[in-house]
Amino acid sequence: MMIRKAFLTICSAGVLLSVQAQTPKVYTIQADKIKTPIQKTMYGIFFEDINQAADGGVYAELIKNRSFEFNMPLMGWDEQKKDGGDGRLEVINRATERPENAHFIKAYVTSETGSFGLENEGFRGGTGIKEGETYSFSVMARQNDGNVKLNIELHGDNDAIIGKAELSPTDKEWNRYSVKFSSSATAKKAKVFVWLSGKGVIDLDMISMFPEHTWKNRPGGLRADLVQKLADIKPGFLRFPGGCIVEGRELNTRYQWKKSIGDIDKRTNIINRWNTEFAHRPAPDYYQTFGLGFMEYFMTAEDIGASPLPILNCGMACEFNTSEMVPLDKLDPYLQDALDLIEFANGDASTQWGKLRTDLGHPAPFNLKMIGVGNEQWGPQYIDRWKIFTKAIKAKYPDVKIVSALGPFPKGPEFDLLNKTFRSLGADILDEHYYASPKWFRDNARRYDNYDRKGPKIFAGEYAAQSVQTGSPLNKNNWECALAEAAFMTGLERNADVVNMASYAPLFAHVDGWQWTPDLIWFDNLKSYGTPSYYVQQLFSLNKGTDVVPLTLNNESVAGQEGCFATASLDKNTNELIIKFVNTGATAQPVSFKINGGAYQKKANVITLHSDRGDTENSLENPKTISPVESTMAVNGKLVNTTIEAYTVQVIRLKNK
Ligand code: AHR
């Protein structure tokens with residue numbers, strides 16, 4: 001009966017008839033023998049502002065260079081005149097008074113009639129506007145002379161006006177003015193015009209526009225569709241803010257969390273380090289406004305039920321770039337940033353930084369349990385700084401776990417030195433990164449089988465299969481890569497006693513504004529889609545269970561035999577046995593799972609990710625070409641007989657009676 005079913009499956013897919021003759025392999029699952037618990041943190045999210053992930057991405061601000069702080073203060077803005085209007089714009093620098101937001105615009109409107117003003121180009125050639133959405137436009141303004149009014153216009157396709165509003169600033173001192181209005185049409189690349197009418201002189205700064213419907217409808221918040229995609233993974237942790245962005249190309253442009261909290265007009269903008277990193281994808285207009293700052297990261301982590309994992313600069317700029325280092329005796333401000341961050345996250349209102357968090361509207365602690373010291377650092381210079389950081393953090397916060405980098409590569413002399421040293425120094429968690437070919441991922445499913453069970457825990461902190469090679473703009477988020485990642489992830493899960501955390505990287509990419517590919521989630525100004533890798537991450541996270549149990553073929557774990565990879569776990573919360581099976585091969589596999597322990601209901605739930613071709617991708621137009629398909633299967637006592645098609649990831653959930 002089972003063989004016949006396999007035959008039909010294969011025939012209807014038009015693939016390999018030879019399967020008809022294959023006898024199923026018998027896999028043994030010891031559901032009565034717990035191997036190791038799986039940590040709640042097991043599958044998480046890596047966030048970095050690369051590929052327009054923050055500004056122009058998840059941070060829902062629609063105006064580019066709202067505070068005129070780009071190196072060219074009018075970048076993103078265009079002076080405009082219509083109907084005989086006239087005037088001029090001056091860029092004023094008040095650095096002595098406001099070093100963190102030095103520039104503003106002084107607009108001279110010199111004609112009584114017509115309009116003179118500014119156009120903002122938005123991100124990547126326009127602003128995403130949705131029909132029926134309410135937009136909140138705001139500006140800091142100061143009337144100098146006369147009575148200049150602001151007329152805001154949204155121009156959609158064919159230059160049609162699809163939304164407008166008016167503001168009349170009255171004060172001679174700086175004040176914030178805002179207005180809400182709705183749009184009558186959708187446009188992916190709308191233009192925003194700020195017309196100035198009435199003769200006079202007005203000062204303008206922080207020209208901003210947000211949709212009202214952000215994530216949790218927070219004013220000035222995050223793009224709901226993108227955060228929802230993160231929430232849908234139910235991630236165990238959220239690593240932020242990167243990545244190399246933590247380090248900066250030079251120390252000056254490192255991420256400084258204290259400058260990313262509080263009033264947005266006091267958060268110093270800096271150039272994004274990814275703007276010129278790749279000659280093939282220059283983005284000179286890529287800046288960090290820090291509108292998405294540490295408070296927002298912590299709150300997002302809390303919203304989506306993820307443990308926060310901030311990674312901090314350890315006194316070293318990116319070693320691929322300037323490699324600048326802070327002298328060992330000058331590390332204090334960097335150390336203080338780390339200690340203060342822990343207090344900011346966990347301290348109560350009687351502490352300086354806990355009070356600030358409370359004042360920012362979050363009296364409850366963020367429950368920070370781990371912190372990263374450095375991103376992809378390497379060499380003795382890192383070890384020297386790591387020791388100083390570790391001593392200071394552990395002295396004050398012995399329970400906070402420290403995540404230590406093992407460099408950018410998963411092997412080699414840099415890796416070996418750090419691995420050996422940190423192990424000998426009793427490090428808590430080691431952060432391994434692997435960007436490699438799909439073959440590497442398939443071949444390394446046993447990577448952790450022989451790791452020291454008593455040593456530091458492993459954080460697979462950044463990984464993604466590269467269809468061409470790391471750094472190539474031709475890399476695709478295709479099914480072959482996602483399948484290989486799934487194969488590798490069975491190895492992470494089988495070794496959950498050692499591997500406590502894992503995250504794919506990078507997370508987000510704007511289809512018109514990326515620097516690095518592949519990425520987990522792609523978006524344009526209006527829409528987004530999950531790649532096949534996204535659905536693999538989601539499948540593993542939603543079906544991780546609570547405890548690993550042995551799944552073997554001929555007494556061996558399943559990690560590559562005929563292209564198959566598998567793991568099994570119990571979910572003690574739902575009383576289920578969960579089998580994950582990855583068939584990376586071109587041949588369908590008739591399988592028989594013989595289960596020891598448990599008594600199962602006759603129907604199991606099945607979730608499948610599949611494509612006949614390794615080069616299949618999802619896209620904005622076809623976002624679900626590869627996405628989970630749910631079905632059920634009959635269970636015969638403690639035997640599950642089925643066929644796992646070629647190029648398939650399948651989860652089978654068996655409910656105990
Ligand atoms: O994920 C992109 C980059 O890859 C990260 O910023 C860095 O840590 C790694 O080299």
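The analysis underlying the following values was restricted to heavy atoms, covering all of them including side chains, and did not include hydrogens, waters or symmetry mates. Counting starts at 1 for both ligands and their atoms, following the listed order. Predicted model only: the values in this text are computed from it and were never measured.
- Contact annotation: for Trp274 versus ligand 1, heavy atoms closer than 4.0 Å belong to the side chain alone.
- Judged by distance alone, with hydrogens and angles left aside, the side-chain atoms of Asn51 form no donor-acceptor pair with the main-chain N or O of His510 at under 3.5 Å.
- Nearest-residue assignment for atom 2 (C) of ligand 1 (options Tyr435, Tyr504, Tyr463; heavy-atom criterion): Tyr435.
- Between Glu100 and Arg267 there is no salt bridge, since none of the side-chain N atoms of the basic residue sits less than 4.0 Å from a carboxylate O of the acidic one.
- The shell of residues lying under 4.0 angstrom from ligand 1, judged by heavy atoms, includes Pro506.
- Of the N or O atoms in Ile245, none lie within a sub-3.5 Å distance of an N or O in ligand 1.
- Atom NZ of Lys624 has 12 or fewer heavy atoms from other residues, nucleotides or ligands within 6.0 Å.
- Between the side chains of Asp615 and Asn478, no donor N or O sits under 3.5 Å from an acceptor N or O.
- Ring pair Tyr463/Tyr434 is tilted by interplanar angle, where 30° to 60° counts as tilted.
- Classification of the Phe240-Phe294 ring pair by plane angle, with boundaries at 30° and 60°, yields perpendicular.
- Under a 4.0 angstrom heavy-atom cut-off, Phe409 registers as lying outside contact with ligand 1.
- Of the N or O atoms in His433, none lie within a sub-3.5 Å distance of an N or O in ligand 1.
- Of all protein heavy atoms, the one closest to atom 8 (O) of ligand 1 is Glu462 OE2, 2.7 Å.
- Under the 30°/60° scheme for interplanar angles, the aromatic rings of Phe278 and Trp274 are found to lie parallel.
- Below 4.0 Å from some heavy atom of Asn375 lie the following atoms of ligand 1, by number and element: 7 (C), 8 (O).
- Nearest-heavy-atom check against atom 10 (O) of ligand 1 across Glu277, Arg273, Glu376 picks out Glu376.
- Distances between N or O atoms of Glu48 and those of ligand 1 include at least one value under 3.5 Å.
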